[in-house]
Number of protein chains: 2
Amino acid sequence: MTIQEPAVARPAGRPRSEKAEKAIIEATLDLLGEGMGVSELSIEAIASRAGVGKTTIYRRWSNKEDLIVDALATLKAPLPELGGTSVRDDLISLLGAMRAEAGQPRSRCVMNIAMSEADRYPRLMERFVERAITPRREAMRAVIERGIASGELDPGLDVDMGMALLSGTMLWHTKWGPEGELDPGLPERVVDVVMAGIAARP
Amino acid sequence: MTIQEPAVARPAGRPRSEKAEKAIIEATLDLLGEGMGVSELSIEAIASRAGVGKTTIYRRWSNKEDLIVDALATLKAPLPELGGTSVRDDLISLLGAMRAEAGQPRSRCVMNIAMSEADRYPRLMERFVERAITPRREAMRAVIERGIASGELDPGLDVDMGMALLSGTMLWHTKWGPEGELDPGLPERVVDVVMAGIAARP
DNA sequence: CCGATACGCAACGGTTCCGTTTCGTAAATA
DNA sequence: TATTTACGAAACGGAACCGTTGCGTATCGG
C-alpha cells in the first residue's frame, strides 16, 4: 500500500481543473469590478474572459447567481489590525480601511451592487452581507461598545446610531465628496467631528 | 383672419399626442420604480406598459438614455417648506423629507440608480444630480451656513462635513438600519446627535 | 492500454430585444 | 375633400445570450 488512501475516493477520470475554476471566479469579479451589473453579466462573457468553455462553467454552477455567490464569497475580509490603544485610533483605522476599499474598483463596484441590487437578488446579498458587511459592522460595534465601557464614549450612546454616524458620513464623502481629492486625513477628521458629539463630556 | 396665428406655425398633419408622451414617461418611471435597472429596461417593455407602439417612442427619443433623462427630469423636487425658526427644526424637516422620499419605491429606486450606475451613465446622472440632488444639497447648505452665521452651529464647522454627517447618517439608517421599523423620531434623533457635535458650545 | 471524466471549441434551437418598415386608421391643415 | 403627419399593431432581419449537445483532445485511475 504505497498509495495513500484519500478520505473520499477520487472518482475516475480527469479531475476538474482548479486553475479553470479560479480563472472563472477571477473573470467574474473582474467584470463586476469593471462596472458590469449583475443582470448584464453573461455567462458567455465570463467564459470568454476566463479563456474557458461555457461547459466548464455550467458543470460547476447551475446558474449565474450561484456563480456570483461563490465569487463574492472569495472576497477576503482582511480587517485592519486594531491597536486597541484608544477608541479614536481604532475608529480611524476602521474608516481608513473603509475608504481604502472604496478606492479599489473591484470592492467599489461590489459595494454598488450591494446597495442597489439587494432587493432583486436577496440570496446574493444575504451571502455577501454575511461575508463582507457583518464582520466590519461587528468590528465597529465592538470598538464603540468598548469605548462606552471605558468611558471614552457617551454612556447613553445608541450603538447603531454611532455606527450610522461614522459609516454613513464616510460613505457620503466617498460618494459625493469633493472629487479626485483623496484627503488622507479624512478618516481622522470624520472621527474627530463625530467624537465631539458622541464622546463623553466631563 | 379668424384663426389665431401661433408664434410657431403648427406643422401640417396630426399633432403628436401629449397623452402618449405622458404615458411613456410614466411607464418608464414605473418600471424603474419597480426595481428594474437601466440596462434591463427595454423599449419594448416601456411601450407595452404604456400601451403605445414602439414607433411612438422612437419618434420622440432616439435612444433609451435620452428617454430616461427626460423621465427623470419630470421628477419634481418639492422641497419642504422650512420654518426658519431654528436650524434644528429646519434640519429635521430636511432629513424627514429625505426619509419620506426614501420610502417611496419610485424615488427609492431612482436613488439606487443614482448611487450605483453613476459611472456607467454619466449624462443621465449629470442631469439627475442637477435636477434632484443639487436643490436638496443647496437647501441643506443654506441652513447650515445660516446656522453658522447665527451662532447656532460651530463657526469652525466645515459645511461639507456637516452635510456628510447629516445626509450620510440618514442614508445609512434607511439602508441598513433596523428593518421595517419606521421610527418617526429618527430625523430628530439624527439631528440631535449630530448637533451635539457641530453645535457651538458656549 | 482502456475506460472514464474534463477540457476548449463550435454549433444548435430558442428567447428577448434591437431599430426599422409596412399597414390601415385617426386627426389635424388647407 | 385632399394632404399630411401621428397613431397602434405587426412583422422584419440582426444581434446577444441562453442552456445543451457533439467533437476531438487531454488527463486521470486501473
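Protein chains get the first letters and strands the later ones, always in sequence-line order, with residue 1 at the start of each.
- One can place CZ of B/Arg59 at 16 Å from P of C/dG19, the figure rounded to the nearest angstrom.
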| request: If a protein heavy atom is under 4.0 Å from the base, mark B; if only from the sugar-phosphate, S; if neither, -; do that for nucleotides 15-21 of chain D going 5' to 3'. | output: --BBBBB
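- Spacing between atom CD1 of B/Ile46 and atom P of C/dT16 amounts to 17 Å, rounded to whole angstrom units.
- Contacts of A/Asp66 classified as side-chain contact (heavy atoms from CB on, under 4.5 Å), with partners at least two apart in sequence or in another chain: A/Trp61, A/Ser62, A/Asn63, A/Arg123.
- Shown here are the salt bridge (charged side-chain N to carboxylate O under 4.0 Å, His left out) partners of B/Glu126, two or more places apart in sequence or in another chain: there are none.
- Interface residues of residues 16-26 of chain A facing DNA chain C, ordered by number: A/Arg16, A/Ser17; criterion, heavy-atom separation under 4.0 Å.
- Under the rule for a side-chain hydrogen bond (donor to acceptor under 3.5 Å, both in side chains), the partners of A/Glu44 that lie at least two apart in sequence or sit in another chain are A/Lys54.
- Taking atom CD1 of B/Ile57 as the reference point, atom P of C/dT20 lies 13 Å away to the nearest angstrom.
- B/Arg59 pairs by the side-chain hydrogen bond (donor to acceptor under 3.5 Å, both in side chains) definition with nothing, not counting sequence neighbours.
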Throw together a table of side-chain donor-acceptor distances under 3.5 angstrom for residues 23-39 of chain A, partners on residues two or more places apart or in other chains.
unit_1, atom_1, unit_2, atom_2, d
A/Glu26, OE1, A/Arg106, NH2, 3.2
A/Thr28, OG1, A/Ile24, O, 2.8
A/Asp30, OD1, A/Arg106, NH2, 2.7
A/Glu34, OE1, A/Arg49, NH2, 3.1
A/Glu34, OE2, A/Arg49, NH1, 3.1
A/Glu34, OE2, A/Arg49, NH2, 3.2

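- Ionic pairing of A/Arg16 and A/Glu21 is not present here: no N-O contact between side-chain nitrogen and carboxylate oxygen is shorter than 4.0 angstrom.
- Annotation: side-chain hydrogen bond (donor to acceptor under 3.5 Å, both in side chains) contacts of A/Ser107 (sequence neighbours excluded): A/Gln104.
- The side-chain hydrogen bond (donor to acceptor under 3.5 Å, both in side chains) check on B/Glu130 picks up nothing, with sequence neighbours excluded.
- Considering only residues two or more places apart in sequence or on other chains, B/Arg14 meets the salt bridge (charged side-chain N to carboxylate O under 4.0 Å, His left out) condition with none of them.
- Taking the salt bridge (charged side-chain N to carboxylate O under 4.0 Å, His left out) definition, one finds that A/Arg127 meets it with nothing, sequence neighbours left out.
- Axis angle between the ends of the helix from C/dC1-D/dG30 to C/dA30-D/dT1, five pairs each and rounded to 10 degrees, works out to 10°.
- Side-chain N/O atoms of B/Arg14 include none lying less than 4.0 angstrom from OP1 or OP2 on C/dT29.
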